[in-house]
Amino acid sequence: MPPQTRRMAFPKVVIERDTDSEQSSSEEEEEEEELEEPEVLVESENEEKVEEAKKKGKAPITISLKKVCKVCKKPGHEAGFKGATYIDCPMKPCFLCKMPGHTTVTCPHRVATEYGVIPATHKNTRNALGYVFKRQIRPRIPPIKPAYVIPDQVSCAVIRYHSRRVTCLEFHPTNNNILLSGDKKGQLGVWDFRKVYEKVVYGNVHSCILNNMKFSPASDGTVYAASSDGTVSSTDVETGIALSLMNLNPDGWRGPSTWRMLYGMDINAEKGAVLVADNFGFLYLVDTRSNDRTGKPILIHKKGSKVVGLHCNPVQPDLLLSCGNDHFARIWDIRRIEAGSSIYDLAHSRVVNSAYFSPVSGSKILTTSQDNRLCIWDSIFGNMNSPSREIVHSHDFNRYLTPFRAEWDPKDSSESLAVIGRYISENYNGAALHPIDFIDISTGQLVAEIMDPNITTISPVNKLHPRDDVLASGSSRSLFIWRPKEKSEPVEQKDEGKIVVCGRDEKKRRHRKFGGESDDSDDDKSIRKGKRFKSQSKSHSKSSLSVKVRR
DNA sequence: AGGGGATGGCACC
DNA sequence: TGGTGCCCCTCCCC
C-alpha cells in the first residue's frame, strides 16, 4: 500500500441501500443482518464483512465501506470539513479550548469570547516598591475608558507584495504613511500607503526569515532587524543599504545543530543597545554606536530552546521581558542579568508566541500562547504565579503560518485594547473567513471582529498605528490597511488607485473590484475561491457590512 | 483542480 | 538528551 496522504485516507465510496451515508457503521451492520439477498462486497477493505460473508456462505452484494474518522481512524464518526465548517474528532479534546468532553462546534468559548474569561482576582500589592510604582503610574491612566475606534474597512492593499508570507510589520516612527514589512525570505518591504503604488522590496537585507524589526530611536531613517540567517541588520529605509551588525554563523551552514537563528529583538535606547535572542536560548547585546557585540551571550531560556520575543519596558527600559519555546515568559533586570537571574517566570502550558508590556505604564503584560489563550499579568510587582486573566482565543497554529501575537493598541491610554488575528474560520454570510479580533483585555470581551469577503486567508500579523486610527495586517503574502468606516475617504478613489496587485496575474486582477459593497460576479468568484458554507448563516451579518461590532 | 512540499512542535523512546 | 515520526481547521505552485 502506498503511503497515504490525508486526502487519500479520507473514506472512499459508500454505496448503501436505503441508508444514508452519514449513518454509523453499527447501523449499517444491523441492516445487513436483515437482508435476505446474497451480498456483493465491492470494497475489499472491509475484512470483517468478507469474513462474515464467507461464514454465511453467500456472496455479499452490498457495496459498503465503513466511514472511518481520519483523525483517530475509528468508525462511527467523521472529522474534517463539512462545507467550510471543520468537524472535530470527538475522541480528541476540543481544538479551541483544549478541554475534553466537547468539540469546537459546541465549545462555549466559540459562542462568545467572554465565556472564556477567567475573572481577574483582586491582588494585594502591598510592597513599598509596588506602591510607589502605582503612584507614579496611575496619574497617566485616565479612569474612564475612551470609546474604541475600530479600523474596520480595508482602505488599500498590496496583493502578493511579498514572494513569501509576511512575518512582521512596523510603522515608520515619524512618517505616518510608511509601513515596513518583513517576510519569510528575509526581504524588507517599504510601502507608502497614501501613494499606494510607491513600494519597494529590498532583497539584500537577509537571506531567510525576518523575525522582528524595530526603528532606531536615534535615527528614524534606520531600521534594525533580526533574522533566522543569524544576523542583525541596520538598514537605511530610503536607500535599502543594509549593514550587518552581528553574524552568528560566520562559518556558514554546518548543519542544524550549529546554525543559529535570531528571533526576539528590541532596542534599549538608554543603553544604546540592540537586544537579540537566538534559537538556543541565548541573549546578545549589540552596541549601536560601535555596531559591535558587547559581553558574552547570556542563557535566558531553557538551553536549546527558541527565544521568540524580547520587549523592554516603556517606563523602565532596564526591565526586559522575554518569551520562548520553553513555555515561559520571563522578566529580567538587564543591569544584572545572568543565567537564572530572572525576576519572574510566567508559566504557560505551551509555547509563548509573544509577551508585551503595556504601552503607556508598562505595568501590565499581555502574552499569547499556543495553548489558545491570551494571558494578562496585572502588575509586574504583584503576584506573578498566575495570570490575572485568561482569554480563550483561537490561534493555535504555527507551521505554515507566522505565529499569532496579540498586540496592544498604542493609542489606548487605558491599556485595555488588543488586536489579534483568529485562526478558525467563521461563517460570514456563507463565506469562511478568518477575522481579526479586537479584545478588551480588562473585561475579556470581544469588542469587534473585522473581516473582508475578499480576504480568505488567515491574518496572523497585525499592527495598530501609533498615532492614527489605522490597522495594518499581513495575510499570507499580502498587506492590508484598514481604517474606520466613518473615516473613509469622502471621495471614492478608483479601485486601481487603492489596490496594487503584484505577481503573475497583475493585469488580470488590476481592474477587479475589491472590498466595499459589491454584488458583481467578479466579487462572487473571489469568495468562491475560499471555502463556502452550504447554507447562509443566520447568526452573522445579512448586509454586505464587513464588520461586526459588539459593544 | 488536486496533489505535494515546506515546515514547527511535541510526544515518545 | 537526540532522533524520529506524527500531528494535520495552510498556502502556493505546478
Side-chain angles (χ1 to χ4, degrees), chain A residues 2-10 12 69-73 78-98 103-107 109-110 159-167 183-185 208-209 211 228 255-259 261 263 279-281 301-308 323-327 348-353 368-372 393-404 421-427 431-435 455-461 474-478 502-505 525 528-533:
Chain A
Q4 290 199 330
T5 63
R6 280 167 56 206
R7 260 171 236 271
M8 288 168 75
F10 198 79
K12 293 170 188 168
C69 170
K70 67 176 181 180
V71 175
C72 70
K73 313 283 187 287
E78 275 182 82
F81 274 113
K82 275 264 184 293
T85 310
Y86 190 91
I87 308 299
D88 279 356
C89 170
M91 300 299 181
K92 299 217 134 198
C94 173
F95 187 79
L96 178 55
C97 74
K98 313 298 178 193
T103 62
T104 307
V105 173
T106 51
C107 179
H109 304 301
R110 177 146 196 170
I159 309 298
R160 269 169 288 147
Y161 179 31
H162 285 273
S163 63
R164 290 289 183 274
R165 63 165 209 251
V166 173
T167 53
D183 74 15
K184 193 170 161 277
K185 233 181 168 182
C208 56
I209 314 180
N211 289 306
S228 288
S257 60
T258 55
W259 185 260
M261 303 186 261
Y263 284 85
N279 59 327
F280 291 109
H301 279 265
K302 189 181 166 191
K303 200 172 185 180
S305 75
K306 202 194 277 180
V307 183
V308 290
C323 63
N325 282 22
D326 64 354
H327 301 189
H348 297 73
S349 71
R350 283 185 62 195
V351 165
V352 187
N353 289 347
T368 306
S369 168
Q370 291 275 54
D371 62 6
N372 267 351
H393 179 264
S394 170
H395 52 257
D396 168 23
F397 210 73
N398 212 359
R399 198 160 62 146
Y400 317 124
L401 293 176
T402 303
F404 291 87
R422 196 193 301 173
Y423 179 53
I424 48 173
S425 58
E426 213 56 70
N427 181 351
L433 304 176
H434 307 265
I455 308 171
T456 54
T457 48
I458 297 165
S459 307
V461 193
S475 193
S476 186
R477 296 153 57 189
S478 308
C502 307
R504 260 192 311 140
D505 303 334
K525 261 179 231 158
R528 232 171 268 138
K529 275 172 81 183
K531 293 187 185 80
R532 279 196 75 91
F533 287 83

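Naming convention: chains lettered A, B, ... in sequence-line order (proteins, then strands); numbering from 1 in each chain.
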Starting at atom CZ of A:Arg160, determine the distance to atom C1' of C:dT10, rounded to an integer number of angstrom. 16 Å

Base-pairing assignment for B:dG5 (Watson-Crick or G-U wobble, both under 3.5 Å): C:dC11

Would you say A:Cys94 and A:Thr103 make side-chain contact, with heavy atoms under 4.5 Å? no

Heavy atoms only, 4.0 Å cut-off, all strands: where does A:Ser394 land among base, sugar-phosphate and nothing? nothing

For a quick check of understanding: with a heavy-atom distance under 4.0 Å over all strands, which category does A:Lys92 fall into, base, sugar-phosphate or nothing? sugar-phosphate

In whole angstrom, give the distance that lies between atom CG of A:Leu96 and atom P of C:dC8. 16 Å

Go ahead and name the base partner of C:dG5; Watson-Crick or wobble counts if both distances stay under 3.5 Å, otherwise write none. B:dC10

Per side-chain contact (heavy atoms from CB on, under 4.5 Å), A:His301 is matched among A:Asn279, A:Val352, A:Val307 by A:Val307

Does A:Arg165 reach the side chain of A:Thr402, with side-chain heavy atoms less than 4.5 Å apart? yes

Nearest-nucleotide check on DNA chain C, A:Ser163 vs A:Phe397; residue mapping nearer the 5' end is A:Phe397

Each nucleotide in nucleotides 6-13 of chain B should get exactly one letter: B, S or -. Can you fill that in based on protein heavy atoms under 4.0 Å? BBBSS---

Euclidean distance, atom CE of residue A:Met91 to atom P of C:dC7 [Å, nearest integer]: 15 Å

Do A:His327 and A:Ser349 touch side chain to side chain, with heavy atoms closer than 4.5 Å? no

Check the distance between C:dT10's P and A:Arg422's CZ and give it to me in whole angstrom. 15 Å

salt_bridge(A:Asp396, A:Lys98) N-O dist < 4.0 Å: yes

Do A:His434 and A:Ile424 make a side-chain contact, defined as non-hydrogen atoms from C-beta onward lying under 4.5 Å apart? no

